[in-house]
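Some notes on the structure that comes next.
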Amino acid sequence: MASVSAPSQAAPSPAASLQRGIVKMVLSGCAIIVRGQPRGGPPPERQINLSNIRAGAMARRAAQGQPDSKDTPDEPWAFQAREFLRKKLIGKEVCFTVEIKTALGREYGMVYLGRDTTGENLADTLVTEGLATVRREGIRGNNPDQARLCDVEDQAKASKKGLWSEGGGAHTIRDLKYTIENPRNFVDSLHQKPINAIIEHVRDGSVVRALLLPDHYLVTVMLSGVKCPTFKREADGTEYPEQFAAEAKFFTESRLLQRDVQIILESCPNQIILGTILHPNGNITELLLKEGFARCVDWSMAVYTQGAEKLRAAERSAKERKIRIWKDYVAPTANLDLKDRQFVAKVMQVVNADAVVGKLNSGELKTIHLSSIRPPRIEGEEKNKDKDKRFRPLYDIPYMFEAREFLRKKLIGKKVNVTVDYIRAATGPGESTPAFSERTCATVTIGGINIAEALVSKGLATVIRYRQDDDQRSSHYDELLAAEARAIKNGKGLHSKKEVPIHRVADISGETQKAKQFLPFLQRAGRSEAVVEYVFSGSRLKLYMPKETCLITFLLAGIECPRSSRNLPGGTQVAEPFSDEAMMFTKELVLQREVEVEVESMDKAGNFIGWLHIEGVNLSVALVESALSKVHFTAERSAYYKTLVSAEDACRLRKEKIWANYEEKPVEEVVHVKEAKERVANYKPVYVTEICDTLHFYTQDVETGAQLENLMETMRAEIAAQPPVEGAYAPRRGDICIATFADGEWYRARVEKVESPARVHVFYIDYGNREVVPSTRLAAMPPAFGIRTLPAQATEHAFAYIQVPQDEDARADVVDCIVRDIQNSQCLMNVEYSGATCPHVTIQFGDTKDDAGLGLVKEGLVMVEVRKEKHLQKMVSGKSSIDLGSHLNIWRYGDFRADDADEFGYRR
């Protein structure tokens with residue numbers, strides 16, 4: 001690069017004082033902005049225009065709000081002149097003299113690179129390179145500076161440099177692009193690759209205007225993951241800075257303004273381009289955080305490509321040093337001792353799906369909530385939809401059971417590392433929110449796995465969004481957000497578009513009649529799998545039976561455990577000694593664990609009595625061995641009696657716990673009452689809707705008939721208002737959908753088989769009939785009318801005490817008779833006993849109360865089925881005592897039952 005030698009440069013006039021500054025910005029080839037040294041804040045700055053020369057004007061965008069104004073392009077060689085000075089001066093120290101100051105305050109002078117006038121004269125260099133012209137108008141002959149510039153310009157012309165080159169310089173004019181038609185596509189097309197750029201303007205510490213090279217896009221870029229204090233603009237146009245806004249802006253300006261950088265454009269939400277600016281001296285995003293000029297922001301942190309943990313670490317460093325915007329910062333766990341911030345606990349219980357109860361080394365039980373996550377929940381309207389049904393969050397909230405099971409299987413009985421993130425203060429009840437006690441929120445890890453992150457990644461919990469100034473959040477908040485984004489992308493759990501899992505769990509605790517019906521199944525099953533859901537006392541538990549999908553109350557057999565305090569109608573029952581210890585022992589051993597139970601009997605309150613085993617340990621025996629229970633005389637009948645007595649004798653000899661003050665007492669005799677089973681006649685009104693060829697039939701409960709009618713009317717009105725697109729629904733086996741019947745109305749149905757789009761087998765779940773229809777007559781079930789709103793109303797039954805004829809003609813005669821007598825009519829029905837596929841019932845006509853099955857027997861259409869149960873013998877004998885002399889129907893050839901041949905179509 002050519003430059004004018006120092007001896008040939010003229011000294012400034014004596015009247016002009018020499019001043020110094022740092023070049024902040026180059027406006028054009030003949031104007032710069034210099035600043036002083038910062039002292040307690042951003043330094044003063046001033047614009048200096050180079051005397052006696054003129055460089056081309058830079059491009060200017062049309063004024064906003066003025067439709068007549070137009071964009072002004074670069075003048076030839078203007079950008080090259082600006083770039084020549086920018087690369088030479090930005091961030092460098094210069095000295096200058098001000099020769100002229102106009103009435104408007106513009107200052108013109110000579111600028112030298114360095115601390116004194118021996119440095120390079122910038123005006124001479126620009127003219128020498130052909131990047132500026134000399135202002136010859138009004139030249140005074142006695143001014144040596146002007147005369148020298150004219151000579152230098154003549155030399156540049158002769159050498160055809162820059163402006164004086166052939167071609168006119170049209171190729172030096174940039175095609176500036178102020179707007180991008182589709183910013184998101186533009187950002188995506190770059191694939192997060194670094195792109196060269198020049199920072200043209202700094203709006204605040206975290207927002208800049210950049211010129212992207214080589215295509216000259218002028219874009220506004222917001223730094224990903226951070227936000228600096230900003231300048232607020234009032235309605236009248238005046239701006240006022242937030243605290244540290246000016247300092248943050250200067251911090252960014254002094255490092256990036258008009259520097260050559262690389263930018264990674266990372267995302268473009270809502271037309272805002274987010275990016276990371278890379279400079280050889282470091283990452284400005286991390287520097288702003290480390291120096292306390294910025295805070296992390298969650299909404300853009302997820303797109304940051306250089307590692308969100310670095311940003312959190314930089315912010316944490318500033319918080320610890322309490323600098324700038326964090327000068328008044330108080331850490332959420334500042335008042336906790338180190339031992340209370342980090343500790344190890346053994347998980348005793350999972351509470352819903354976002355908290356666990358842990359046992360500390362001191363023996364204290366502590367409830368720990370997982371930081372920054374929200375378990376599955378249900379909206380208020382959905383929750384209150386069926387007010388008659390008791391709301392059970394674990395089973396009624398979609399995915400709550402799956403979330404609880406995930407935590408239970410992973411954590412129960414295991415030791416976990418707990419790092420407390422914050423303490424959520426207690427809150428009082430609001431209009432729509434309950435009161436919450438103080439909660440310890442922490443990050444829980446096991447084997448290096450963050451449990452909250454694992455839960456979120458499976459779509460079994462969501463991440464809580466906070467106000468930007470709310471610092472009470474997980475120390476791994478970014479990992480949680482990333483896990484949630486993955487779960488949403490992969491359609492996991494709560495984010496799945498599939499039908500939500502439904503858990504129909506029957507609670508038969510205290511339901512004596514249901515318990516009686518269920519008892520034989522459990523007795524025959526031997527050892528059944530179960531999960532201990534709750535521990536009422538040392539020997540009283542609530543169990544979930546996964547195969548039977550029901551909840552039962554279970555009492556430990558063979559022992560007498562100290563009773564806990566209970567509220568009784570006459571007052572509070574005082575707890576017996578060691579009752580709390582027994583309950584804690586049982587909790588620690590079996591709560592929320594998978595166990596095996598042997599059911600022996602039940603009490604009159606509907607509670608099942610039996611033995612509970614966990615990993616080869618009999619809980620009754622374990623309680624007795626720990627001197628927390630006594631052997632009950634009913635254990636004599638069991639195979640565990642000798643073990644129980646041996647353990648009790650050992651504890652009695654040692655006088656441990658409940659035996660500490662033992663004195664021989666007479667044994668209180670307990671009479672075990674076994675109830676005789678009787679036939680229960682509990683007829684209820686039903687509506688018979690469909691009769692099958694197998695002599696099975698479907699009924700609707702009369703009590704819920706009005707609900708079904710209302711649901712059908714509402715559903716059809718909604719479908720009429722927004723009819724489904726014909727053929728848009730693709731049926732799959734097991735789908736609950738809606739189908740048009742022959743009457744043209746829509747009904748709820750279940751897809752049983754898909755042969756082809758033209759042949760889909762459906763079952764109408766509210767009426768019991770089946771049909772083969774084309775898929776064009778099907779549509780997706782509107783969510784508001786599914787089986788969660790109202791269960792399927794058609795229930796399958798079979799006739800009790802009756803043998804179904806095997807002969808097709810004989811069976812057809814029976815079906816015709818039944819269709820004629822009871823189909824589409826209201827009858828009375830009583831469940832007599834359970835069958836392999838459905839309950840067996842007796843049906844009475846609604847008006848005469850005559851037994852329909854008995855009528856079939858009297859008509860000679862069917863034979864009576866032999867039942868061995870004693871309590872059913874009366875009913876069987878009553879149906880069997882009929883006159884065969886009439887020779888009706890199947891008896892027309894007399895009594896054939898003595899013949900062993902099967903060809904008659906009947907078996908004894």
Side-chain angles (χ1 to χ4, degrees), residues 346 348 359 363 365 413 522-523 526-530 532 534-543 552-566 573-605 607-674:
K346 180 182 179 182
M348 301 284 291
K359 185 177 182 180
L365 294 180
L522 291 179
Q523 288 174 325
R527 286 199 180 191
S528 302
E529 294 179 355
V532 179
Y534 194 78
V535 175
F536 298 102
S537 68
S539 60
R540 183 185 179 91
L541 312 95
K542 176 169 276 194
L543 305 182
I552 65 171
T553 301
F554 189 81
L555 308 180
L556 295 179
I559 62 171
E560 185 180 351
C561 209
R563 295 181 179 179
S564 303
S565 61
R566 290 200 298 173
Q573 175 183 293
V574 180
E576 294 179 359
F578 295 100
S579 61
D580 291 340
E581 288 85 346
M583 182 166 70
M584 184 54 61
F585 178 87
T586 300
K587 275 187 176 181
E588 191 162 354
L589 191 62
V590 301
L591 180 58
Q592 289 189 340
R593 309 227 187 168
E594 294 168 4
V595 298
E596 291 182 326
V597 292
E598 296 176 81
V599 175
E600 289 191 340
S601 60
M602 60 172 281
D603 64 11
K604 61 183 179 181
N607 303 315
F608 295 96
I609 303 171
W611 307 92
L612 185 146
H613 307 269
I614 177 169
E615 297 175 354
V617 176
N618 185 323
L619 182 56
S620 299
V621 174
L623 282 163
V624 173
E625 287 178 340
S626 300
L628 293 172
S629 184
K630 299 176 181 178
V631 178
H632 195 265
F633 77 92
T634 53
E636 295 174 3
R637 301 190 299 268
S638 76
Y640 308 105
Y641 181 63
K642 289 184 179 179
T643 308
L644 289 169
V645 171
S646 174
E648 184 182 55
D649 290 343
C651 292
R652 190 187 293 121
L653 287 173
R654 294 194 301 267
K655 291 201 170 187
E656 284 185 84
K657 297 175 185 172
I658 63 172
W659 302 107
N661 302 314
Y662 173 72
E663 294 178 7
E664 196 70 36
K665 295 180 181 178
V667 179
E668 182 182 348
E669 186 176 356
V670 178
V671 180
H672 188 73
V673 180
K674 185 172 182 180

Answer yes or no: is there a donor N or O on one side and an acceptor on the other, between the side chain of [X] and the main chain of [Y], under 3.5 Å?
| X | Y | answer |
| --- | --- | --- |
| Arg652 | Ala627 | no |
| Thr553 | Lys542 | no |
| Ser537 | Arg563 | no |
| Glu598 | Gly526 | no |

Student check: side-chain heavy atoms of [X] and [Y] closer than 4.5 Å:
| X | Y | answer |
| --- | --- | --- |
| Ile609 | Asp603 | yes |
| Phe554 | Val599 | yes |
| Asn618 | Thr643 | no |
| Glu648 | Val624 | yes |

- Message: As a test of understanding, state which of Val631, Leu644, Leu628, Thr634 forms a side chain to side chain contact (heavy atoms under 4.5 Å, CB included) with Ile559.
- Response: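 Running side chain to side chain contact (heavy atoms under 4.5 Å, CB included) over Val631, Leu644, Leu628, Thr634 with Ile559 returns exactly one hit, Leu644.
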- Task: Kindly check if the number of other-residue, nucleotide or ligand heavy atoms within 6.0 Å of CD (Glu529) is above 12?
- Result: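 Open.
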- Message: A quick test of your reading: do over 12 heavy atoms of other residues, nucleotides or ligands sit less than 6.0 Å from CZ of Phe536?
- Response: yes
- Item | Salt-bridge present (Lys657, Glu581; N to O < 4.0 Å) |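 No salt bridge links Lys657 with Glu581.
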